[in-house]
Amino acid sequence: MATSNPLYTNPKLCKHLADYKLRHGLSGYKFLQNCLKTTPSGITSVYKSDTKIPRCSFCKGYQGRFFMCLICSSISCSSHTLLHAQSENSHDIAVDIERSELYCSLCSDQVYDPDFDKVVVSKVMLDMPNNAHIVDDGIRRSSKRRKLNSLMELDLKKSKQLVLMRDRREKSCYPLGLRGLNNLGSTCFMNSVLQALLHAPPFRNYFLSDRHDRDTCRKRSLDRLCLACNIDVIISALYSGDRTPYSPAQFLYSWWQHSANLASYEQQDAHEFFIALLDGIHESEGNGRTPNKDNGDCQCIAHRVFSGRLRSDVTCMTCGFTSTTYDPCVDISLDMDTSMSSTDVPNKSVRPNENAGKCTLSACLDLFTRPEKLGSDQKLYCQNCEEKRDSFKQMSIKRLPLVLSLHIKRFEHSPVRKLSRKIDWHLQFPFSLDMTSYLSSSILRKRDARIRTLCDLSSLKKPVVQM
């Protein structure tokens, strides 16, 4: 039985990054810290006061991803970062302007350096909202508040003290907040969702800035625990600096109280747990002004972070009349573009064969927004024709949430053969995802352009009458 080593080892640096640090040390990191800016949503980006819109020094473009060289501070787009590194000697390392992450132009990949991570984390802590309020109330706060207070009292001139780790475990290369969760008996579904949820910047910053104060929460009682208070406890533990695994037993008991139908030590569905958790937070954070979570305007932290709006268009294939509805959502369920074979055995996993293409997240989103013809048994009433007609349906995203949650359906059902199979396809997803083409505005423009093209073609086919 292998034992875990409490001391973590630093990951091997990229060769070009190691050469850069050997020549320049941390001077470039410290200079860049003054250019870092943290938005209210928790995203840290690079801000240059001399220009509002970054432009590539080669093509003068202003769209796409941009990288700033750590040597000369010149800006290049993703298509010309390699050209800059080849034209300038040893100008290999740059920083992603939008995400504040190191990028090696020669490796064409993101690279990680614990020293750079400490610089970014210290800037984030200093820019955290309500830091003055946290300092003033730090005397009566929990360990999370006391640790944050010690960080907030430091200014930029003392940023070096901010990143010093006193505990031996805190000298590791891993960023603040990275801590494992113990399995409490078939609770891996819960731990995986919690790790993703508690590191979502807007959600995390809400609790770190004491927006939900468990010391004064009035919704705690002897017979029912406050789910938001237990979330606050977990975030306090994760960001306390301790690296030993944490056991969320109190949270599990609190969740069982809010979701009695799921209260067992059996394995549960991660997606069902995610929805039940957001509902529980909504109930805990509700203040009476927006009791209905389906109205799309709830101001609780769960819906402020994860709530978006979907648009559904049903178009009559006879007259072209379109009926539009809008529905709030906290996640989007996506199908994988696979087909069931008639020779498959029930309850057998579906695996891609050698000729099958790899499934990508973009393909799932394309399938979600693709027009779908409704079957003959799904004819809808057309208000224009005043009778049931064949129609097609198209989904799109009207409003994106601050944090987009995508649920990939891993089971495929056949109503004809009454079979259910797990889909074991590998899903590929990009480092950054552009959602522009899946928004309602983009889909409507494409639809209007297609209709105009069809109308033009139909006018050209009209017979010419000779007089």
With a 4.5 Å cut-off on side-chain heavy atoms, are [Y] and [X] touching?
X	Y	answer
S76	C69	no
H84	S74	yes
Q394	E372	no
P371	K393	no
C59	H80	yes
F203	I231	yes
L194	L277	yes
L102	Y112	no

Smallest separation among heavy atoms of [X] and [Y], with atom names:
X	Y	value
F66	R55	CE2-C, 4.0 Å
I93	Y20	CG1-CB, 4.0 Å
C107	H16	SG-ND1, 3.4 Å
L433	P430	CD1-CG, 4.0 Å
L439	S396	C-CB, 4.4 Å
F368	S333	CD1-O, 3.9 Å

Does K398 form a side-chain contact (heavy atoms from CB on, under 4.5 Å) with L310? I'd like the steps, not just the answer. CA-CA 5 Å; K398 177 63 176 178; L310 296 178; over 6 Å; no

My understanding is that only one of I97, V95, V46 makes a side chain to side chain contact (heavy atoms under 4.5 Å, CB included) with C35; could you say which?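 Going through I97, V95, V46 one by one, the side chain to side chain contact (heavy atoms under 4.5 Å, CB included) with C35 is satisfied by V46 alone.
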
Rounded to the nearest 0.5 Å, what's the gap from [atom1] on [X] to [atom2] on [Y]? Could you check?
X	Y	atom1	atom2	answer
S100	L36	OG	CG	5.0 Å
D434	S362	CG	OG	9.5 Å
K446	S441	NZ	OG	10.5 Å
T315	L374	OG1	CG	10.0 Å
L365	L361	CG	CG	5.0 Å
C14	Y103	SG	OH	11.0 Å

Do the side chain of [X] and the main chain of [Y] share a donor and acceptor less than 3.5 angstrom apart?
X	Y	answer
R23	A18	no
R179	T244	yes
R243	L178	yes
S442	Y438	no
R309	D327	no
S254	Q250	no
D242	L238	no
H24	I71	no
S440	I397	yes
S57	I75	yes

Ring geometry between H271 and H407 (parallel below 30°, tilted from 30 to 60°, perpendicular above 60°):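 Parallel.
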
Plane angle bin for F274 and F306 - parallel if under 30°, tilted between 30 and 60°, otherwise perpendicular: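 Perpendicular.
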
Give a yes or no on whether a salt bridge exists between D19 and K15, defined as a side-chain N under 4.0 angstrom from a carboxylate O. yes

List the steps and the verdict of side-chain contact (heavy atoms from CB on, under 4.5 Å) for S73 and F31. CA-CA 11 Å; S73 299; F31 172 78; 4.2 Å; yes

Test side-chain contact (heavy atoms from CB on, under 4.5 Å) on C104 and Q110; report intermediate values, then the result. CA-CA 6 Å; C104 179; Q110 269 68 26; over 6 Å; no

Within residues 61-79 or reaching into it, pairs that qualify as salt bridge (Lys or Arg N to Asp or Glu O under 4.0 Å) - sequence neighbours excluded: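 Qualifying pairs, neighbours excluded: R65-D96.
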
Considering residues at least two apart in sequence or located in another chain, which fulfil the salt bridge (Lys or Arg N to Asp or Glu O under 4.0 Å) criterion with D313? R311, R447

Going through the checks in order, is the side-chain hydrogen bond (donor to acceptor under 3.5 Å, both in side chains) test met by S405 and D331? CA-CA 5 Å; S405 176; D331 70 325; 5.1 Å; no

Considering residues at least two apart in sequence or located in another chain, which fulfil the side chain to side chain contact (heavy atoms under 4.5 Å, CB included) criterion with D115?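 D115 satisfies side chain to side chain contact (heavy atoms under 4.5 Å, CB included) with K21, L26, Y29, D113 once adjacent residues are dropped.
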
D92-S105 side chain donor-acceptor pair, cut-off 3.5 Å: no

Tell me yes or no: between the side chains of T187 and N183, is some donor less than 3.5 Å from an acceptor? yes

Apply side-chain contact (heavy atoms from CB on, under 4.5 Å) to the pair L17 and F116, showing each step before the final yes or no. CA-CA 11 Å; L17 178 58; F116 182 80; over 6 Å; no

